[in-house]
Amino acid sequence: MKIFNTLSRQKEEFVPLEEGKVRMYVCGPTVYNLIHIGNARPMIIFDTVRRYFAYKGFAVDYVSNFTDVDDKIIAKANEEGVSSEEISERYIAECKKDMEGLNVLPASVHPRATEEIDGMIHMIDALIDKGFAYRADDGTVYYRTRQFKDYGKLSHKNIDDLEAGHRDINVTGELKEDPLDFVLWKPKKEGEPYWESPWSEGRPGWHIECSVMSKRYLGDQIDIHAGGEDLIFPHHENEIAQSEAANGVPFANYWMHNAFLNIDHKKMSKSLGNFFTVRDISEKYDLQVLRFFMLSAHYRSPLNFSDELMEAAKSGLERITTCAEKMRFVGKQAAADAMTQEEEALYAQTDRFVAKFEEAMEDDFNTADAIAAVFELVRFINQNIEGATRTFAEQLYDRLHTLCEVLGIVIEKEEELLDDAIEALIEERQQARKDKNFARADEIRDQLLQQGIQLKDTREGVQWTRV
Ligand code: AMP
Ligand code: ZN
């Protein structure tokens, strides 16, 4: 499997730190507003990367944080006259709703910066001990950038050029030893949330959060660190400086960055005001369409959002779901069960679409080509499905289903999902009765009735009908 590594600016063969395992950290959003569809791009892309690793049999530890302390959160809290926690709680919940709609799997852990302050103080302390950080008189702690010899290795910037750039910036009032130094800890201002620390009552800088959360949940060394390309500098460069200086080992082996989602060929961003939230899009489209749209381009290519492309994604997706529906229908109507010899031969031919799909994904997660392979499979199925036996229809369905699942595209019909949910509730009700928890059993029966499902207890078991 090849991954384009921002560190080397090359595609490299993926070799995990530990066989069969992937440790992956993806920088998550700052939660002060509904996420926009630009923020959704890394979520969808790296969720797909994760799904592909899982499909290949890797155990994936996937960590993605919420930055829940930040100037913008504080500003929003002041604007509304509520606490910062109220703002971050609200938008974490909203973000999770959007992720669910986009079929982005929950991370193994979603750490929140405010719950990891001890770890941050600990790492800052270690950096001070090692001479990589210092406290200024006002209680700010800075990272001593020049002390880290590899500074610039990710963004391929030369530290002397950076210094020249920084000289133009007015840094009066800051007590830095060097304009390149960046903040690890900053003292509170009036009315801001703060934590006790050895240096001042204050809060951590943004970069230290990710170094600490990654270390805590994944260890000193990880396989993949990812985010949007705007994070390469300074955020990820600074994370490397912090983590490698503190831990004494290379931080992440592969750095992956998605290109921007643009609108009118400009980066979609909250500050420019040229954005659509995921919620806006959900009013017009099923969010599956948005996911499919994002995957229709390579993640390292800029993608321009437009109605035409969304419509194209919608009809592409429909081609797949219509095929799936037809297969289900044919499977149910089939006169014969077992595959014919001819069907066995046809089925074997579908290996090549799977191979093509995998080849595309192994080439730095080329989802555009992977989707092309799915379309080829759909075409093949459409040509061969008439009069299929039940097994043939089911096996073709499984093939399509497996590939779509890697992409996070759902092809089951909603009604069938619903059926599964009903069965699960019925099972839970049976268990509740066995446990003599009749209150819960009745609650489930009433809940189902409200959703138009009537249960009938018969000697053969529980039967249900839609009423
Ligand atoms: P933020 O909340 O701004 O820190 O962003 C959260 C994630 O979304 C980061 O990985 C950003 O790089 C990414 N991101 C923000 N805007 C865009 C965009 N227009 N296109 C792609 N990724 C973006
Ligand atoms: Zn980060």
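Just so you know, ligand 1 is whichever comes first in the structure, and atom 1 is the first atom listed for that ligand.
- With a heavy-atom cut-off of 4.0 Å, His36 touches ligand 1 through its side chain alone.
- The Met268 neighbourhood of ligand 1 comprises atoms 16 (N), 18 (C), 19 (N), with distances under 4.0 Å to a heavy atom of that residue.
- In summary, the aromatic rings of Phe148 and Tyr151 are positioned with their centroids too far apart to meet the 6.0 Å limit.
- Tyr25 pairs in a ring-ring contact (aromatic ring centres under 6.0 Å, His included) with only one of the listed residues (His225, His236, His110), which is His225.
- Counting backbone and side-chain atoms alike, His207 contributes no N/O/S atom closer than 2.8 Å to the Zn ion (ligand 2).
- Inclusion of Glu229 in the set of residues having an N or O under 3.5 Å from an N or O of ligand 1 is not warranted.
- Of the angles at the Zn ion (ligand 2), the one spanning SG of Cys27 and SG of Cys210 is 130° when given to 10°.
- A donor-acceptor pair is defined here as one N or O able to donate and one able to accept, closer than 3.5 Å; such a pair exists between the side chain of Thr321 and the backbone of Glu318.
- Considering Met120, Arg216, Gln242 as possible partners of Ser211, the one that fulfils the side-chain contact (heavy atoms from CB on, under 4.5 Å) test is Gln242.
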Handout entry: Evaluation steps, side chain to side chain contact (heavy atoms under 4.5 Å, CB included), between Arg352 and Phe357
Key = CA-CA 9 Å; Arg352 72 172 190 269; Phe357 178 91; over 6 Å; no
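- The single protein non-hydrogen atom nearest to atom 2 (O) of ligand 1 is Thr30 N, 3.2 Å, given as residue, atom name and distance.
- Partners of Glu89 by salt bridge (Lys or Arg N to Asp or Glu O under 4.0 Å), not counting sequence neighbours, listed by chain and number: Arg112.
- Proximity of Asn258 to ligand 1, defined as any heavy-atom pair under 4.0 Å, is confined to the side chain (atoms from C-beta onward).
- Ring centroid separation for the pair Phe53 and Phe14 comes in under the 6.0 Å cut-off.
- Of all the N, O or S atoms in Glu239, the one closest to the Zn ion (ligand 2) is OE2.
- Within the 4.0 Å heavy-atom criterion, neither part of Ser269 lies near ligand 1.
- Atoms of ligand 1 found under 4.0 Å from any heavy atom of Pro42 (numbered from 1 in listed order, with element): 8 (O), 10 (O), 13 (C), 22 (N).
- The closest protein non-hydrogen atom to atom 3 (O) of ligand 1 is Asn39 ND2, 4.1 Å.
- The nearest protein atom to atom 22 (N) of ligand 1, hydrogens excluded, is given as Gly38 O, 3.1 Å; this is a heavy-atom distance.
- Here is the list of ligand 1 atoms found below 4.0 Å of a heavy atom in Ala259: 21 (C).
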Problem - Asn382 and Arg379: CA distance, side-chain angles, deciding distance, side chain to side chain contact (heavy atoms under 4.5 Å, CB included) verdict - result: CA-CA 5 Å; Asn382 286 338; Arg379 201 171 311 128; 5.7 Å; no
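- Ion pair Asp160/Arg146 flagged as a salt bridge, since at least one NZ, NE, NH1 or NH2 atom sits closer than 4.0 Å to an Asp/Glu carboxylate oxygen.
- Ligand 1 has a nitrogen or oxygen under 3.5 angstrom from a nitrogen or oxygen of Gly228.
- The shortest N or O to N or O distance between Leu261 and ligand 1 is under 3.5 Å.
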Check: residues 28-41 side-chain donor-acceptor pairs under 3.5 Å, at least two apart:
| residue | atom | partner | partner atom | Å |
| --- | --- | --- | --- | --- |
| His36 | ND1 | Gly38 | N | 2.9 |
| His36 | ND1 | Asn39 | N | 3.3 |
| Asn39 | OD1 | His36 | N | 3.1 |
| Arg41 | NH1 | Ala259 | O | 3.0 |
| Arg41 | NH1 | Phe260 | O | 2.9 |
| Arg41 | NH1 | Ser301 | O | 3.0 |
| Arg41 | NH2 | His298 | O | 3.0 |
| Arg41 | NH2 | Ser301 | O | 2.8 |

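- Checked against a 3.5 angstrom limit, the closest N/O atoms of Leu231 and ligand 1 fall outside it.
- Residue Asp230 has at least one nitrogen or oxygen atom sitting less than 3.5 Å from a nitrogen or oxygen atom of ligand 1, judged on distance alone.
- Ring centroids of Tyr91 and Phe66 are separated by 6.0 Å or more, keeping the two rings apart.
- Taking backbone and side-chain atoms together, His236 has no N/O/S atom less than 2.8 Å away from the Zn ion (ligand 2).
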